[in-house]
Number of protein chains: 2
Amino acid sequence: MNELFSIGEFSKITGLTVKALRFYHERELLVPARVEAGSGYRYYDHDNVQAARAIVALRELGFSVAELADILADHQDEADIVEFLRRRKQQLAEQIETDRQLVANLDRIIQQETEAKALMSTPQFEVEEKQLPALLVAGIRMRGRYDECGPVFGKLCRALGRHIAGKCMCLYYDGEYREDDADFEPCVPVKRAVEMEGVAVRELPAGRCVSLVHRGPYQQLGRSYERLLQYVKQRGYQMQLPTREVYLKGPGMIFRGNPKKYLTEIQIPIEDS
Amino acid sequence: MNELFSIGEFSKITGLTVKALRFYHERELLVPARVEAGSGYRYYDHDNVQAARAIVALRELGFSVAELADILADHQDEADIVEFLRRRKQQLAEQIETDRQLVANLDRIIQQETEAKALMSTPQFEVEEKQLPALLVAGIRMRGRYDECGPVFGKLCRALGRHIAGKCMCLYYDGEYREDDADFEPCVPVKRAVEMEGVAVRELPAGRCVSLVHRGPYQQLGRSYERLLQYVKQRGYQMQLPTREVYLKGPGMIFRGNPKKYLTEIQIPIEDS
DNA sequence: CTTGACTCTCCCCCAACGGGAGGTCGTAGA
DNA sequence: TCTACGACCTCCCGTTGGGGGAGAGTCAAG
């Protein structure tokens, strides 16, 4: 009835390591029933076994040792610790939410790179005509130099988070190239309308366009625009604004990457005929 | 073009603390462009800014500093690190899964205690007749002493995990009290059939029963059985096997609790008439 | 009495920094 | 000119929950 266990035996009974037991003793979380004066040997009894069971259970639920001390100090029934359990559940729920966000971000990057990889093997891109579906986007319209849109994408992505439903793109409202006072709108496709100050959500209309994928740094986009505009002119199409650039592969979330490998799809809407 | 930033300026630019920057330097993760020989002052350049952006992004994704060293050592494009990203995603998915399990466990305990608390305010329990719905349970039938069922519930709960759909219960196949060689089956309601060796899943039939909630330690269950059986006899009902005990509140997942507060519902099935 | 298994205390180690002590340097104000 | 202040440096200790190991003492069996 009154038998005592050495620390090794107790370790096997409870599944806790000897090191952990000594640690819990030091923290006064699980104090052996008897400590021999001369040798310092620890001896544990059946009450210790019960306490150890509680400790194991609570640790598996993710409570810290400090919290355990709080909890075990003056509670011996689960009814008394419901508040602790609720708080812990709340913590876990938050943890899960942030982890899910991270997974979503990782997924976006992985998918982006996978698609870009598939495109990279294309030897040379040609002008295409295609039908664009309607697209819900969140954007920030601005005036300035084209290269000012970089940080704006950062802001958009961070602000929209899990609502993002496609690749970053930019709308251009000038019919021509402008150095300093361009009128454009960095934006990103979203699943649903999102309220956010400074960010406008609306639907880009469906319609036909001519499209060309440009490979290389943004400074050389002019050449691809030239090819596209020539094509539009030859066919007698009527170009419409805003034109779009879709950044299939550009400076990423993580690295700036190699500009020679950037892929940008230029889309010039044309009148349906 | 070639401007350098002191560690304080660089800290503001990148959002990393001065302490963190010194730490990354020590780990050779982010080495300043120049370190003044005399004073040891660190000076950072634009390449350092790019590298810091990558570090911030990867740290936000939850990579450890050691992993960062690996990743940054020989990759400068997101396409190169897709494998790392995939592994990280896998880790996160596992983390989310275990956290969800914990939340489910917490939920079970909280709900259990909430229901028990409501019952605890009942002054005195009376014999009731009621209709039991059919119930899918997973159980382990065994022979031995009644108190051997305790650890079996532990096993069941751990094995079944998130499939559990109700409170622990025990079926008794003997028509009478047995000391040593009882035939009984600890079991637990489940949502769906689960394959597991040693565990049998089946449906308990619906039917009428007489029921009494017993308050107090299990040693005193006999008194409540007596009341119930007397009731059955008085009404001339025909008792059927197995009888059931539902552990509304007993030794919990965490604490053994106070046996005087245990609540156990005894259910004795009777023939439909 | 010896041997081997156990146990003790004490110290260092992990990650990713944060806090603070104590020293150096340059500048600005009294 | 003196002093205060701000920015920077290195070095050391703290955090969590123990793990690993050294060196010494203890227990039980042969």
Side-chain angles (χ1 to χ4, degrees), chain A residues 3-45 48 51-52 54-72 88 91-92 95 98, chain B residues 3-45 48 51-52 54-72 88 91 95 98 102:
Chain A
E3 61 186 319
L4 295 176
F5 309 106
S6 72
I7 197 170
E9 293 165 341
F10 192 68
S11 161
K12 273 170 198 150
I13 292 168
T14 59
L16 294 162
T17 65
V18 170
K19 282 284 192 187
L21 289 171
R22 289 203 264 254
F23 179 67
Y24 293 155
H25 182 190
E26 184 197 326
R27 297 299 182 90
E28 297 186 328
L29 196 59
L30 180 54
V31 179
R34 197 159 67 80
V35 178
E36 202 133 69
S39 66
Y41 275 35
R42 297 166 177 86
Y43 293 98
Y44 295 87
D45 65 5
N48 287 142
I55 289 172
V56 169
L58 289 168
R59 291 250 48 200
E60 277 173 4
L61 289 174
F63 287 96
S64 76
V65 167
E67 288 169 313
L68 283 200
D70 268 15
I71 293 175
L72 296 177
R88 177 71 191 137
Q91 279 178 18
L92 280 171
Q95 179 68 50
T98 66
Chain B
E3 59 185 320
L4 295 176
F5 308 108
S6 73
I7 196 169
E9 293 164 342
F10 192 68
S11 162
K12 274 171 198 150
I13 293 168
T14 59
L16 293 162
T17 66
V18 171
K19 280 286 192 184
L21 288 171
R22 289 203 264 254
F23 178 68
Y24 293 155
H25 182 190
E26 184 198 326
R27 295 302 180 89
E28 298 186 324
L29 196 58
L30 181 54
V31 179
R34 199 158 67 80
V35 178
E36 204 135 66
S39 65
Y41 275 35
R42 296 168 177 84
Y43 293 99
Y44 295 85
D45 65 6
N48 287 142
I55 288 172
V56 169
L58 290 168
R59 291 251 49 201
E60 277 173 4
L61 289 173
F63 288 95
S64 75
V65 168
E67 288 169 314
L68 284 199
D70 268 16
I71 293 175
L72 296 177
R88 177 72 190 135
Q91 277 177 19
Q95 179 68 49
T98 66
L102 289 186

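Here is the naming used below: chain letters follow the sequence lines, and residue numbers restart at 1 for every chain.
Rounded to 10°, the angle separating the first-five-pair axis and the last-five-pair axis of the helix from C/dC1-D/dG30 to C/dA30-D/dT1 equals 40°.
Not counting sequence neighbours, the partners of A/F5 by the ring-ring contact (aromatic ring centres under 6.0 Å, His included) test are A/H46. With sequence neighbours excluded, the residues satisfying side-chain contact (heavy atoms from CB on, under 4.5 Å) with B/S6 are B/E9, B/Y43.
Heavy-atom distances to DNA chain C give each of B/A20 and A/K12 a nearest nucleotide, and the one nearer the 5′ end belongs to A/K12.
Among pairs with a residue in residues 7-32 of chain B, those fulfilling ring pair (Phe, Tyr, Trp, His ring centres under 6.0 Å) read B/F10-B/Y44, at least two apart in sequence or across chains.
Side chains of A/E36 and A/R42 form no contact here, defined as non-hydrogen atoms less than 4.5 Å apart.
Checked by atom type and distance alone, the side chain of A/S11 pairs as donor or acceptor with a backbone atom of A/L16 at under 3.5 Å. Between the B/N48 side chain and the B/V31 main chain, a donor and an acceptor come within less than 3.5 Å of each other. A donor-acceptor contact shorter than 3.5 Å links the side chain of B/E67 to the backbone of B/S64. Without hydrogens or angle criteria, A/R59 side chain to A/F63 main chain gives a donor-acceptor distance under 3.5 Å.
We find that CD of A/E36 is positioned 13 Å from P of C/dT7, with the value rounded to whole Å. Between the CD1 atom of A/I55 and the C1' atom of D/dG18 there is a distance of 14 Å, rounded to whole Å. Atom CD in A/E26 sits about 13 Å away from atom P in D/dG19, given to the nearest Å. Rounded to a whole Å, the CG atom of A/L21 is 10 Å from the P atom of D/dG19. In this entry the distance linking CG of A/L29 with C1' of D/dT16 reads 14 Å, nearest Å. One atom, OH of A/Y43, and another, C1' of D/dA28, lie 11 Å apart when rounded to the nearest Å. To the nearest angstrom, P of D/dT16 lies 11 Å from CZ of A/R59. Atom pair A/F23:CZ and C/dC10:P shows a separation of 16 Å (rounding to whole Å applied).
Taking every heavy atom of both residues into account, A/L58 and A/L72 meet most closely at CD1-CD2, 4.1 Å. Of all heavy-atom pairs between B/R34 and B/L4, the closest is NE-CD1, 3.5 Å. Closest approach of A/A51 and A/L30 over heavy atoms only: CB-CD1, 3.8 Å.
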One character per nucleotide, please: for nucleotides 8-15 of chain D, 5' to 3', B when the base has a protein heavy atom closer than 4.0 Å, S when only the sugar-phosphate does, - otherwise.
SSBB----
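For the segment residues 60-70 of chain A, the set of residues with a heavy atom within less than 4.0 Å of an atom of DNA chain D comprises A/S64, A/V65, in numerical order.
Residue B/T17 places none of its side-chain N or O atoms closer than 4.0 Å to OP1 or OP2 of C/dC17.
When heavy atoms are screened at a 4.0 angstrom cut-off, B/Y24 is found touching the sugar-phosphate backbone but no base atom.
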